[in-house]
Amino acid sequence: MNSKISNICCIGAGYVGGPSMAVFANKLPNINITVVDLNKERISDWNNKDLEKLPIYEPGLSEIVRKTRNKNLFFSTELKQNIAKADIIFISVNTPTKTSGFGAGKASDLRWIESCTRTVAEFAKGHTVVVEKSTIPVRTAEIIKNLLNSYLKKESVNSNKKTFSILSNPEFLAEGNAIKDLESPDRILIGGEDETSIKILKNLYTNWVPENKIICTNLWSSELSKLVANAFLAQRVSSINSISSICECTGADIQEVSKAIGTDSRIGEKFLSPSPGFGGSCFKKDILNLIYLCNFYGLDQVSNYWEGVLKINEWQKKRISQIIVEKLFGTLYGKKIGVLGFSFKANTNDTRESPAIDIVTDLLEEKAKISIFDPKVTKDSIDNELKNALFKLKSRNMHNIENSELKNWNYCEDINEVFNNADALIFLTEWEEFKSIDWEKVSSLMRYPAWIFDCRSIINIDKASKYGLNVWSLGKSK
Ligand code: NAD
Ligand code: UGA
């Protein structure tokens, strides 16, 4: 096996493939890296001359793309030739939850993993290290290995010489912080059976990651650790969110409680911010995947435990919607509600599983008129999310919402449009710019009695209250 790496191919130009390969290209200037995707529009966006129009917003990303693109970083729809010349192939395709058939609603849908593995099997040449970067169910490496081997058997008839080794190298970047996470990760995890391939991948990372941060395990520990890491992080969010409701009842303050418990070095201060619920494409999907695994092995007590984390998350969103309705005299009919922030967290344009989707859908069902402002999310993304949410709820006969009500929202290009004549403002994403809102001006624009619902602990309550605004803040009793 040749340990000199000249070409890397990454399949999947999404939130993981794009940023991670941009950082690889920057750190490995002597290696050619091509990110391939079947989605022509996505690839053309990655190749857009205007770096403001890259398909993904991540702080610091456009600067790295400017430095590396068309030097040693390429974005292409040509899978065949890029797979053929690659020494290492990273699989970074989507692995969403299955929506129909066996395991629907829990198991991962592996159709994209399978289809790109087949393409690799067909077009790879010589020896290729195939790396799972996508988050996948435990033992997916076995499926990949079987698929690749089945092609080898077929092709051995033609005495075609190709070989594969499979590694698991899950990605731990958090959106909004992706570049920092990729440049100085807490750890790199490599799972595999073949020492030579492990060494090849390890040697790439040691160009910028200290060796003591690279953990090598067997394949299954690596695959499982990725699911478990996300499950533990999500569990912390559900834990602090459950406590936010106790604070509201008892006069305790969630910020003070977070600080008090987080200073215990065994607990740690991170991931203790209360919120309207965790969102993002992975926490829910990965916990569902873990639950599916537990059920498969008959570990019902374990799956019930993790289901609790998801239940608290759903409950937190619902309870916020209910509080808003209660505070506004039990009816939102015709009232203007301003929603500030639609992405699932700050510093990303990603809206997947954003708590804003469920909360806005609830408020639309209450017949409110919603104005939404988000500094990075487009109108189309919001439109798609709300339409999908409606479709899902209708198909389960859970919602009375009518199509016409879905039109009861508008997209604001300018934040001031949200304030004008609003009965309430709901802060759902912790964008930095929301922290310096001019409350004197806002209060003069709103209709009284006016309510502010701060679901991200970003509002200066005293300043806002000074102008007669009613402030409800998550995890505070006032
Ligand atoms: P994404 O949907 O943004 O991107 C996946 C891309 O793969 C899409 O552009 C799709 O067109 C492409 N694709 C699918 N099948 C293909 C094929 N056969 N050939 C070529 N391209 C194909 O997904 P993402 O957010 O980048 O996540 C990718 C994986 O990484 C998932 O398994 C996810 O769980 C995991 N992950 C995501 C994050 C994150 O922050 N988003 C972090 C860590 C891990
Ligand atoms: C998460 C993990 O943090 C990454 O390590 C992992 O790679 C990634 O999932 C993945 O596998 O996709 P991400 O979802 O991008 O990253 O963002 P997080 O910072 O983890 O936030 C997730 C959600 O939890 C957000 O909605 C955020 O607002 C919420 N959150 C986070 C809280 O409500 N409180 C907190 O204290 C922290």
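Whatever order the structure lists ligands and atoms in, that order sets their numbers, starting from 1.
You'll find the side chain of Leu219 stays beyond 4.5 Å of the side chain of Glu142, heavy atoms only.
Remark: ligand 1 and Ser92 share no N or O pair separated by less than 3.5 Å (distance only, no angle test). Looking at ligand 1, you'll find an N or O of Glu175 within less than 3.5 Å of one of its N or O atoms. For the pair Lys345 and ligand 2, the shortest N or O to N or O distance falls below 3.5 Å. Between Thr135 and ligand 1, at least one pair of N/O atoms sits closer than 3.5 Å. Geometrically, ligand 1 and Lys226 share no nitrogen or oxygen pair separated by less than 3.5 Å. Of the N or O atoms in Asp37, one or more lie within a sub-3.5 Å distance of an N or O in ligand 1. In terms of polar-atom proximity, Asp286 is not counted as a contact of ligand 2, lacking any N or O under 3.5 Å from an N or O of the ligand. Residue Arg352 places at least one N or O, backbone or side chain, under 3.5 Å from an N or O of ligand 1.
Remark: Asp286 pairs with Asn230 by the side chain to side chain donor-acceptor pair (under 3.5 Å) rule, at least two apart or across chains. For Gln235, the side chain to side chain donor-acceptor pair (under 3.5 Å) criterion is met by Tyr305, not counting sequence neighbours.
For atom 33 (O) of ligand 2, the nearest non-hydrogen atom from the set Ala346, Ser275, Ser457 comes from Ser275. Heavy-atom proximity to atom 10 (C) of ligand 2, evaluated over Cys455, Cys282, Gly277, Gly262, is greatest for Cys282. Comparing Phe344, Phe278, Phe172 against atom 24 (O) of ligand 2, the shortest heavy-atom distance belongs to Phe278.
We find that Asp253 and Lys476 are joined by a salt bridge, their nearest charged nitrogen and carboxylate oxygen being less than 4.0 Å apart. Salt bridge present: Lys202 and Glu211 bring a charged side-chain N and a carboxylate O closer than 4.0 Å. Ion pairing between a basic and an acidic side chain is recognised when a charged N comes within 4.0 Å of a carboxylate O; Lys106 and Glu307 show such pairing.
In this structure, the ring of Phe90 has its center less than 6.0 angstrom from the ring center of Phe24.
Residue Glu171 touches ligand 2 through its backbone alone, judged by heavy-atom distances below 4.0 Å. The side chain of Cys282, and not its backbone, has at least one atom closer than 4.0 Å to an atom of ligand 1 (non-hydrogen atoms only; side chain from C-beta on).
Remark: minimum distance from atom 22 (C) of ligand 2 to any protein heavy atom is reached at Phe283 CE2, 3.6 Å. Regarding atom 28 (O) of ligand 2, its nearest protein heavy-atom neighbour is Arg456 NH1, 2.8 Å. Looking from atom 15 (O) of ligand 2 to the surrounding protein, the closest heavy atom is Glu175 N, 2.8 Å. In terms of protein heavy-atom proximity, atom 20 (O) of ligand 2 is nearest to Phe271 CZ, 3.1 Å. When hydrogens are left out, the protein atom nearest atom 36 (O) of ligand 2 is Ser273 N, 2.9 Å; that is the closest non-hydrogen contact. From the protein, the heavy atom lying nearest to atom 8 (C) of ligand 2 is Leu173 O, 3.5 Å. Scanning all protein heavy atoms for the shortest distance to atom 30 (N) of ligand 2 gives Val237 CG2, 3.8 Å.
Using a 30° and 60° split on the angle between ring planes, Trp451 and Phe453 fall in the parallel class, below 30°.
Leu204 pairs in a side-chain contact (heavy atoms from CB on, under 4.5 Å) with only one of the listed residues (Asn169, Ile31, Ile188, Val209), which is Ile31.
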